Protein chains: 2
Amino acid sequence: MSLPRSERTAITAVPEATVARLPVYHRALVALAERGATTVSSEELAAAVGVTSAKLRKDLSLLGSYGTRGVGYEVDYLLYQISRELGLTQDWPLVIVGVGNLGRALANYGGFSSRGFRIAGLLDPDPEIVGEKIGADFLVEVRPLDELEDVVNEAGVLIGVIATPAHAAQAVCDRLIAAGVRSIMNFAPHVVVVPSGVSVRSVDLGLELQVLAFHEQRKLGREEVRS
Amino acid sequence: MSLPRSERTAITAVPEATVARLPVYHRALVALAERGATTVSSEELAAAVGVTSAKLRKDLSLLGSYGTRGVGYEVDYLLYQISRELGLTQDWPLVIVGVGNLGRALANYGGFSSRGFRIAGLLDPDPEIVGEKIGADFLVEVRPLDELEDVVNEAGVLIGVIATPAHAAQAVCDRLIAAGVRSIMNFAPHVVVVPSGVSVRSVDLGLELQVLAFHEQRKLGREEVRS
DNA sequence: AGTTGTGAAGCTATTCACAGCG
DNA sequence: CGCTGTGAATAGCTTCACAACT
């Protein structure tokens with residue numbers, strides 16, 4: 001019921017903006033560790049990830065006091081603490097639904113296993129694709145979409161990745177949630193609605209480009225005025 | 001530093017948070033238009049994209065007064081205004097560097113042409129891949145990486161998409177900028193640094209999953225406490 | 001001396017609630 | 001009357017600047 005928690009895990013909620021930056025810090029620290037660095041100052045690490053040192057220190061202070069004044073942060077220790085906070089010390093089985101170009105890109109994306117993610121299932125309705133073996137860290141056989149519920153239950157999957165066309169996204173999402181999945185990563189260009197208690201993150205490739213085009217247009221507008 | 005500040009486009013700067021939502025509104029309005037809707041209220045549109053109606057109205061009011069009190073917004077008119085604001089009424093040639101799984105997924109992503117984006121070049125250093133024809137809206141031949149500068153100049157490319165492995169990202173980014181590109185969409189799992197005046201947006205697939213894992217872990221933590 | 005950790009201040013974004021208008 | 005548009009209030013995030021500590 002009430003566990004004492006010797007290592008105080010974020011009783012004070014970490015703000016969303018900070019959570020979004022933690023994986024970036026994590027990635028930079030891994031690179032530093034590989035390069036053999038043992039300590040790093042807030043100034044150095046901030047420069048490497050493109051934020052201000054004050055922001056970085058504030059972010060890290062929300063997790064705990066893991067630095068040494070006058071010295072900086074020990075790379076390995078900080079890496080461990082961030083990993084723990086992000087849940088990367090656990091094993092996260094996930095399913096990818098839709099083995100088109102994007103689904104393949106995801107399945108072939110290295111660096112899942114090193115961060116605790118494991119592809120427990122690849123699912124597609126196309127009989128031409130079912131049976132194919134895909135993967136970077138290890139090969140996974142594509143299974144028919146009908147077996148979605150089985151795969152989720154067998155492996156205790158909590159994270160589902162939607163890489164289907166837009167029109168199929170909501171139906172797949174509903175099935176994933178009904179089967180027990182509670183976090184959805186949606187790559188389909190469509191808003192998916194979920195019951196409360198389920199988390200969704202969406203990435204729409206076209207959408208990101210539109211934001212860029214907006215900024216580009218602004219620059220062009222400014223140049224016209226100057227000339 | 002004292003600029004005269006005589007902008008014509010966006011006299012009142014539209015906040016970044018709003019810009020990020022405009023493409024979502026755009027997508028929802030396209031869907032509504034296809035379904036034959038002629039008007040829509042802030043309440044309806046907000047529900048379709050998953051924001052509050054107050055936020056939606058505030059966002060739209062920053063672009064101008066395009067609604068009718070007591071009625072709502074005319075779908076076609078609002079769609080046009082948002083498109084104009086986002087620069088979607090223009091033609092945006094872009095290059096995609098790196099024709100691995102992700103590069104192919106991007107090249108095959110339909111709905112570029114309908115939003116004003118046009119793939120002016122696909123580039124890859126691998127001779128096995130060079131010459132291949134890829135694409136959804138129209139086929140584009142993969143050209144050798146050496147021709148990056150040529151492609152950018154020929155087509156007047158302002159937007160570059162990096163879909164290379166992490167280690168190649170910064171070098172490709174530097175070459176794109178040197179060739180005249182001013183907006184970078186980075187899909188490589190690596191921070192790219194750019195001179196001021198160049199915009200960057202980064203999407204790291206693994207990074208997004210880490211944020212999800214964080215939320216999932218929180219839910220698990222809460223359940224442990226309850227049981 | 002050097003760098004973290006953090007209140008306080010400043011800024012940006014969201015929500016509220018209602019006046020204004022069709 | 002219904003729905004937009006918006007000032008005012010609130011919440012959230014970032015930056016500042018310096019005390020605290022090694």
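Each chain gets a letter, A, B and so on, in the order the sequences are listed, and its residues count up from 1. Keep in mind it's a predicted model, so treat the numbers as computed, not measured. These numbers come from the heavy atoms of this one structure, side chains and all, not from hydrogens, waters or symmetry mates.
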Does the side-chain hydrogen bond (donor to acceptor under 3.5 Å, both in side chains) test come out yes or no for A:H26 and A:S83, once each step is laid out? CA-CA 7 Å; A:H26 180 271; A:S83 298; 3.3 Å; yes

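Rounded to an integer number of Å, the gap from A:E16 CD to C:dT12 C1' is 17 Å. Atom C1' of nucleotide D:dT4 and atom CG of B:L62 are separated by 14 Å, given to the nearest angstrom. Following rounding to the nearest Å, B:D59 (CG) and D:dT4 (P) show an atom-to-atom distance of 14 Å. Spacing between atom NZ of A:K55 and atom C1' of C:dG10 amounts to 14 Å, rounded to whole angstrom units. Put simply, CD on A:Q81 is 17 Å from P on C:dT4, counting in whole angstrom units. Nucleotide C:dT15 holds its P atom 9 Å from the CZ atom of B:R21, rounded to whole Å. Atom CG of A:L56 is separated from atom P of C:dT3 by 14 Å (rounded to the nearest Å). Look at NZ on B:K58: it is 12 Å from C1' on D:dT4, rounded to the nearest Å.
Side-chain atoms of B:K219 come within 3.5 Å of backbone atoms of A:R182 as a donor-acceptor pair (strictly under, hydrogens ignored). A donor-acceptor pair is defined here as one N or O able to donate and one able to accept, closer than 3.5 Å; such a pair exists between the side chain of A:W92 and the backbone of A:G87.
Within 4.0 Å (heavy atoms only), A:T52 reaches sugar-phosphate atoms of the nucleic acid but no base atom.
Within 3.5 Å, no donor on the side chain of A:R69 pairs with an acceptor on the base of C:dT3, nor the reverse.
Look at B:S42 and you'll find a side-chain N or O under 4.0 angstrom from OP1 or OP2 of D:dT4. For the pair A:Y73 and D:dT22, the criterion of a side-chain N or O lying under 4.0 Å from OP1 or OP2 is not met.
Along DNA chain D, the nucleotide nearest A:G70 and the nucleotide nearest B:S41 are compared for position; the residue whose nucleotide lies closer to the 5' end is B:S41. Along DNA chain D, the nucleotide nearest to A:V71 and the one nearest to A:A17 differ in position, and the one closer to the 5' end is contacted by A:A17. Between A:E43 and B:A54, the residue anchored nearer the 5' end of DNA chain C, judged by the nucleotide with its closest heavy atom, is A:E43.
Between A:Y73 and A:Y66, the gap from one ring centroid to the other reaches at least 6.0 Å.
Here D:dA17 is the nucleotide among D:dA17, D:dG5, C:dA13 with the atom lying nearest to any side-chain atom of A:R57.
Scanning both residues, B:A188 and B:A166, for their nearest heavy atoms gives CB-CA, 4.2 Å.
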